[in-house]
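The basis for the numbers below is simple: all heavy atoms, side chains too, and nothing from hydrogens, waters or symmetry mates. Residues take their numbers from the sequence shown, with the count starting at 1.
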Amino acid sequence: MRKNILITVFLFIIICFSVSCGKEPKNILNEITVSVGPEPQTIDPTINSAVDAMIYTTHLFENLTIKDENGNIIPGAAESWTSSNNNTIYIFNIRSNAKWCDGMDVTADDFVYAWKRIVDPKNGASYSILLDVIKNASDIMMENKDKDTLAVKALDDKTLYVELEYPVPYFPEMAAHTAYTPLREDIVSQDEDGWTLKTDTMVGNGAFQIVRWEHNSRLVVRKNTDYWNYKEIKPDIINFEFIDNDNTAMSAILNGEISFYHNAPINDRAKLIEDGVARVVPNVSLYFYEVNHKKAPFNDARVRKAISLAIDREYIVNNIMNAGEKPAAAIVPYNIKDVYGTNDFRYQKDGYFSVNSEDYQKNVEEARALLAEAGYPNGEGFPVFEFLTNPGFHVTIAESVQSMLKEALNIDMVIRQEEWAVLLQTRRDGNFDMARQGWIGGYNSPQAFLSLVKTGYVLNEGRYSNAEFDKALYDAAFSQSDLERSEYLHKAESIAMDDMAIIPIFYYSGTVMQSKNLNDVIYDIFGIYNFSKAYMSE
């Protein structure tokens, strides 16, 4: 009898092990099914520029530093770090038990390789600009220096040395961004274009690893038992369903097919929030319109200002979005750190023009005068122009703006829709008149948003350039005090807004749909949601 019991227990253990470690686990207790949008264009941390893909990257890789559930910077792959020489030199000590999902040690060279790869101009990495604080990075990206001159090196296997161009007291926060993700040279160099697409070469050092990627359908990941902190990770399996439509996602949520979606349909938000299916979560990001400065008549600041003033932002946030968004009359959002009285950069000045609906008619009168001054009285002679967007609520907003511009300025805007991946490339190529754009800063500093209109910045897709603005950013970087730095940053924003370098529309709030049974999702203020502590309750 005792022998039979032992055999039964042994078989039960074998079955459990097979379920938890097999390629296609089924019916695991800690399994969640979510969606954060359509299939990503790439999950290569070097190449990626989309927020939804950053969510995958955050689960599959771990940086030197990470964020806790409250957004505080805590040790990740590095167990500790020190700074010296007025925050221009940082030394990171990598954990002895930091492992890749194939069991190999994470080393300082993995960071050196990845950071040199992202600043290498041949890769055209959108987020390479986030590394421009590292000494020589800007020159490398401008092809003035070789990538091997990047001032980062391995002092030994577990010690990383970083030298910066200027004092950056918030560098540990920057290092948590996916642009600073480590990579294995022996893996990536064998197939730079396709290494993330195969489960045997998609090797990460994060809390999860890919077990299956069904293109146009889903990505399945499981807990990585080689991860140093795997015992604190709640889900055994996360199924990421690829859904590119808010209404489709709403049906999936209501039918219990998924437990989370990163957005809620505009027309149903109020009811979904009331029913407890949707919730507003913290978000620090800017929704804006990119204007092509290389094309007439948009190369005239008066035209850009006229279009901006003709947009009733309060109407958009109250009647279309209706989920806590704030009208934007500046570049830097609320809740970005500053030094004046509060930690909010907007403390000194809410914006550079009124966004109140009662002042809209006054804005329209100013817009008409500017357009006439630019040579287009009552819109006469103004060319029909094209507005580029991807499907969804962006079209609803664009249709509203289309009506506003026609009524206020008598100018015609046609709307062209492209799928997300195509739109990204079209904007990057500069093949547009005006296009919808959005930006999360990735780290809590005004530079994260002001850099959007810096000359030569890879995400400055409108090709705005102003030497006075660039100098203000430069002076801020080399300021000797926080107060001086803040003054230069406010000056830079003032210059860009006087030029209407971009047309800010509103500051996002996040509205997600979430099953009442899904618990402990981490809502990062930059929209990079984390499910590593999430679980389903009865």
Side-chain angles (χ1 to χ4, degrees), residues 126 285-313 316 327-332 351-353 355 363-364 366-368 370-371 373-376 379 381-390 394-395 397-406 408-418 423-439 449-466 468-470 492-507:
S126 296
S285 52
L286 174 69
Y287 188 95
F288 66 98
Y289 285 173
E290 191 88 71
V291 180
N292 195 331
H293 290 254
K294 298 300 182 183
K295 285 189 176 183
F298 304 105
N299 55 353
D300 189 326
R302 294 168 298 186
V303 169
R304 300 191 296 270
K305 288 180 182 179
I307 291 175
S308 179
L309 288 168
I311 298 173
D312 187 346
R313 292 158 175 81
I316 291 171
I331 296 174
V332 180
Y352 294 84
F353 51 86
V355 293
N363 286 349
V364 168
E366 184 180 349
R368 289 170 177 166
L370 284 166
L371 203 62
E373 186 181 325
Y376 307 100
F382 199 92
V384 176
F385 70 95
E386 192 173 74
F387 179 85
L388 179 66
T389 183
N390 55 312
H394 312 291
V395 177
I397 296 172
E399 290 171 343
S400 178
V401 170
Q402 183 184 49
S403 297
M404 292 172 187
L405 295 183
K406 182 62 176 178
L409 302 178
N410 194 31
I411 62 178
D412 294 305
M413 178 181 96
V414 295
I415 299 168
R416 177 161 64 94
Q417 298 183 49
E418 290 184 346
L423 178 139
L424 287 176
Q425 191 60 51
T426 303
R427 280 196 325 224
R428 191 170 295 127
D429 293 340
N431 295 327
F432 66 93
D433 298 324
M434 191 160 76
R436 90 93 181 159
Q437 177 63 288
W439 182 245
F449 290 89
L450 295 175
S451 293
L452 280 171
V453 290
K454 179 181 176 181
T455 300
Y457 179 38
V458 69
L459 289 182
N460 179 2
E461 293 166 338
R463 274 63 167 180
Y464 171 74
S465 181
N466 184 309
E468 190 180 359
F469 171 86
D470 294 339
E493 185 184 57
S494 179
I495 293 167
M497 286 304 299
D498 188 55
D499 275 347
M500 203 58 67
I502 58 175
I503 299 176
I505 306 297
F506 58 79
Y507 303 122

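Each of Tyr289, Tyr287, Phe288 was compared with Gln437 under the side-chain contact (heavy atoms from CB on, under 4.5 Å) criterion, and only Phe288 meets it. With Glu386 as reference, Val414 is the one residue of Asn431, Ile415, Val414 to meet the side-chain contact (heavy atoms from CB on, under 4.5 Å) rule.
Put simply, the side chain of Asp499 never gets that close to the backbone of Ala301: no donor and acceptor are under 3.5 Å apart. Of the possible donor and acceptor atoms, none in the side chain of Arg302 sits under 3.5 Å from a partner among the backbone N and O of Leu370. Checked by atom type and distance alone, the side chain of Arg304 pairs as donor or acceptor with a backbone atom of Phe298 at under 3.5 Å. Side chain of Arg463 to backbone of Glu461: a donor-acceptor contact under 3.5 angstrom is found.
Rounded to the nearest 0.5 Å, atoms CZ (Arg428) and CG (Leu459) are 7.5 Å apart. With values rounded to the nearest 0.5 angstrom, Tyr507 atom OH is found 8.5 Å from Ile331 atom CD1. Residue Ile502 holds its CD1 atom at 10.5 Å from OH of Tyr464, rounded to the nearest 0.5 Å. With rounding to the nearest 0.5 angstrom, the CG atom of Asp300 is 8.5 Å from the CD atom of Glu373. Taking CZ from Arg427 and CG from Leu388, the interatomic distance works out to 7.5 Å, rounded to the nearest 0.5 Å. The OG atom of Ser465 sits 5.5 Å away from atom CG of Asp470, with the distance rounded to the nearest 0.5 Å.
Within the 4.5 Å cutoff, the side chain of Ile311 has heavy atoms near those of the Ile316 side chain. Using a 4.5 Å cut-off on side-chain heavy atoms (C-beta onward), Lys454 and Asn460 make no contact. Contact of the Val291 side chain with the Val303 side chain is not registered, since no non-hydrogen atoms from C-beta on lie closer than 4.5 Å. In this structure, the side chains of Glu493 and Phe449 stay at 4.5 Å or more apart for every pair of heavy atoms. Side-chain contact check for Leu405 versus Ile307: some heavy-atom pair is nearer than 4.5 Å. Between Phe432 and Leu423 there is no side-chain heavy-atom pair separated by less than 4.5 Å. With a 4.5 Å cut-off on side-chain heavy atoms, His293 and Val453 do not count as touching. Between Met434 and Ile503 there is a side-chain heavy-atom pair separated by less than 4.5 Å.
For the pair Gly430 and Asn292, the tightest heavy-atom approach, listed with the atom from each and the gap, is O-ND2, 3.0 Å. Here the closest heavy-atom approach between residue Pro383 and residue Pro297 is recorded as CG-CD, 3.8 Å. Considering every non-hydrogen atom in both Gly351 and Ala330, the closest pair reads CA-CB, 4.3 Å. Taking both residues in full, the closest heavy atoms of Asp498 and Lys305 are given as O-CE, 2.5 Å, listed atom of the first, atom of the second, then distance. Here the closest non-hydrogen pair linking Thr455 and Asn466 is OG1-N, 3.8 Å. In plain terms, the two heavy atoms of Ile397 and Phe506 that are nearest each other are CD1-CE2, 3.8 Å.
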(message) Could you go through Met413 and Ile411, starting from their C-alpha distance and side-chain angles, then the distance that decides it, and tell me whether this counts as side-chain contact (heavy atoms from CB on, under 4.5 Å)?
(response) CA-CA 7 Å; Met413 178 181 96; Ile411 62 178; over 6 Å; no
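Every residue meeting the side-chain hydrogen bond (donor to acceptor under 3.5 Å, both in side chains) condition with Asp412, not counting sequence neighbours, appears here in chain and number order: Lys406. By the ring-ring contact (aromatic ring centres under 6.0 Å, His included) test, Phe469 is found to be paired with no residue, residues two or more places apart in sequence or in another chain being considered. The side-chain hydrogen bond (donor to acceptor under 3.5 Å, both in side chains) test applied to Gln417 returns no partner, not counting sequence neighbours.
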